[in-house]
K.L.:
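Below you will find the structure I want to go over with you.
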Amino acid sequence: QVQLVESGGGLVQPGGSLRLSCAASGSMFRFYAMGWYRQAPGKQRELVAVISSSGGSTNYADSVKGRFTISRDNAKNTVYLQMNDLKPEDTAVYYCNTNSGATLLSSALGSWGQGTQVTVSV
């Protein structure tokens, strides 16, 4: 089983940028598609970006398309989420997880970590 630790969140003003990282343990990381999810207060957790095991395919929720970029470095067992032009509605706890595929219809496979808080506010 892949263990995951998210980092990189923080407080940022609207229009700002953050880069989230998700460090994975174990040798199986490179075989999994990976997803970034977020959960805002009072809302369900949603998949916002997903990347295939090789990194060759990515998909994004409409709400983040053009602003967020998911990438991975299999040599470092890490997946990233570059977030630009952040908006108050991006405020949420962000989680990464192994995914059943690299489409927005895929689902998380593993248990959830602690996540990293992103707050977008003036």
Side-chain angles (χ1 to χ4, degrees):
Q1 187 174 354
V2 177
Q3 303 295 322
L4 303 165
V5 178
E6 303 94 344
S7 63
L11 173 64
V12 63
Q13 292 185 344
S17 298
L18 283 173
R19 188 194 196 202
L20 306 184
S21 297
C22 170
S25 65
S27 60
M28 301 298 290
F29 171 79
R30 67 186 185 275
F31 296 116
Y32 286 101
M34 295 296 298
W36 277 101
Y37 295 76
R38 69 185 181 187
Q39 187 167 23
K43 295 187 177 181
Q44 288 189 331
R45 191 159 11 213
E46 62 171 341
L47 177 61
V48 297
V50 62
I51 188 167
S52 62
S53 57
S54 68
S57 177
T58 58
N59 282 287
Y60 300 90
D62 287 344
S63 58
V64 307
K65 197 174 295 183
R67 300 187 298 120
F68 289 11
T69 302
I70 188 171
S71 62
R72 67 190 295 162
D73 185 338
N74 285 346
K76 295 183 178 180
N77 273 17
T78 303
V79 62
Y80 305 97
L81 187 68
Q82 177 67 43
M83 306 186 295
N84 297 329
D85 190 22
L86 282 161
K87 303 177 180 181
E89 51 263 42
D90 295 318
T91 296
V93 179
Y94 284 72
Y95 304 86
C96 63
N97 210 324
T98 52
N99 249 50
S100 61
T103 73
L104 294 180
L105 298 178
S106 60
S107 56
L109 296 175
S111 56
W112 297 102
Q114 63 182 12
T116 186
Q117 175 71 48
V118 172
T119 302
V120 185
S121 179
V122 298

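Note that this is a predicted model, so its numbers are computed, not measured. When reading the values below, keep in mind they use all heavy atoms of this one structure, side chains included, and skip hydrogens, waters and symmetry mates.
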K.L.:
Between the main-chain N or O of Ser53 and the side-chain N or O of Asn74, is there a donor-acceptor pair closer than 3.5 Å?
P.N.:
yes
K.L.:
Side-chain heavy atoms nearer than 4.5 Å, only ILVMFWY residues, links allowed to pass through others: does that put Val50 and Val79 together?
P.N.:
no
K.L.:
Measure from the side-chain N and O atoms of Ser25 to the backbone N and O of Gln3, and report whether any donor-acceptor pair falls under 3.5 Å.
P.N.:
yes
K.L.:
Rounded to the nearest 0.5 Å, what separation is found between the OG1 atom of Thr119 and the CG atom of Asp90?
P.N.:
11.0 Å
K.L.:
Same cluster or not: are Val2 and Leu20 linked, directly or through other Ile, Leu, Val, Met, Phe, Trp or Tyr residues, by side-chain heavy atoms under 4.5 angstrom apart?
P.N.:
yes
K.L.:
Inspect the surroundings of CD in Gln44 and state if more than 12 heavy atoms from other residues, nucleotides or ligands are less than 6.0 Å away.
P.N.:
no
K.L.:
Heavy-atom distance under 4.5 Å between the side chains of Tyr80 and Thr69, does that happen here?
P.N.:
no
K.L.:
Count I, L, V, M, F, W, Y as connected when their side-chain heavy atoms are under 4.5 Å apart, and connections chain through other members. Are Val64 and Leu18 then in the same cluster?
P.N.:
yes
K.L.:
Any side-chain to backbone donor/acceptor pair from Thr91 onto Val120? Under 3.5 Å, distance only.
P.N.:
yes
K.L.:
Can you establish whether the number of heavy atoms outside Gln114 located under 6.0 Å from its atom CD is more than 12?
P.N.:
no
K.L.:
Under a single-linkage definition using a 4.5 Å side-chain heavy-atom cutoff for Ile, Leu, Val, Met, Phe, Trp and Tyr, are Leu109 and Trp112 assigned to the same hydrophobic cluster?
P.N.:
no
K.L.:
Which atoms form the tightest heavy-atom contact between Ser17 and Asn84, and what is the distance?
P.N.:
OG-OD1, 3.0 Å
K.L.:
Sequence neighbours excluded and cut-off under 3.5 Å, please list the side-chain donor-acceptor pairs for residues 95-106, or say none.
P.N.:
unit_1 : atom_1 : unit_2 : atom_2 : d
Asn97  : OD1    : Gly110 : N      : 3.1
Asn97  : ND2    : Gly110 : O      : 3.1
Asn99  : OD1    : Tyr37  : OH     : 2.7
Asn99  : ND2    : Tyr37  : OH     : 3.4
Asn99  : ND2    : Ser106 : OG     : 2.6
Ser100 : OG     : Ser107 : N      : 2.9
Ser100 : OG     : Ser107 : O      : 3.4
Thr103 : OG1    : Leu105 : N      : 3.2
Ser106 : OG     : Gly101 : O      : 3.2
Ser106 : OG     : Thr103 : O      : 2.5

K.L.:
Grab the two heavy atoms, one from Asn77 and one from Gly26, that are nearest each other, plus how far apart they are.
P.N.:
ND2-O, 2.7 Å
K.L.:
Determine, using the 4.5 Å side-chain heavy-atom cutoff (strictly less than), whether Tyr32 and Val5 are members of one ILVMFWY cluster.
P.N.:
no
K.L.:
Working to the nearest 0.5 Å, report the span between CG of Leu81 and OG of Ser21.
P.N.:
9.5 Å
K.L.:
Can you tell me how far CZ of Arg67 sits from CG of Leu86, rounded to the nearest 0.5 angstrom?
P.N.:
6.5 Å
K.L.:
Whether the side chain of Arg72 engages the backbone of Ser52 through a donor-acceptor N/O pair (distance < 3.5 Å, no angle test) should be reported.
P.N.:
yes
K.L.:
Roughly how far, to the nearest 0.5 Å, is OH of Tyr94 from CE of Met83?
P.N.:
5.5 Å
K.L.:
Please report the shortest heavy-atom distance between Trp36 and Ile70, naming the atom on each side.
P.N.:
CD1-CD1, 3.6 Å
K.L.:
Taking only Lys NZ, Arg NE, NH1 and NH2, and the carboxylate oxygens of Asp or Glu, determine whether Lys65 and Asp62 approach each other closer than 4.0 Å.
P.N.:
yes
K.L.:
Would you call Ser63 and Arg38 a side-chain contact if the rule is heavy atoms closer than 4.5 Å?
P.N.:
yes
K.L.:
To the nearest 0.5 Å, what is the distance between CZ on Phe68 and OG1 on Thr58?
P.N.:
14.0 Å
K.L.:
What's the verdict on side chain to side chain contact (heavy atoms under 4.5 Å, CB included) for Leu11 and Ser121, showing C-alpha distance, side-chain angles and the deciding distance?
P.N.:
CA-CA 7 Å; Leu11 173 64; Ser121 179; 4.2 Å; yes
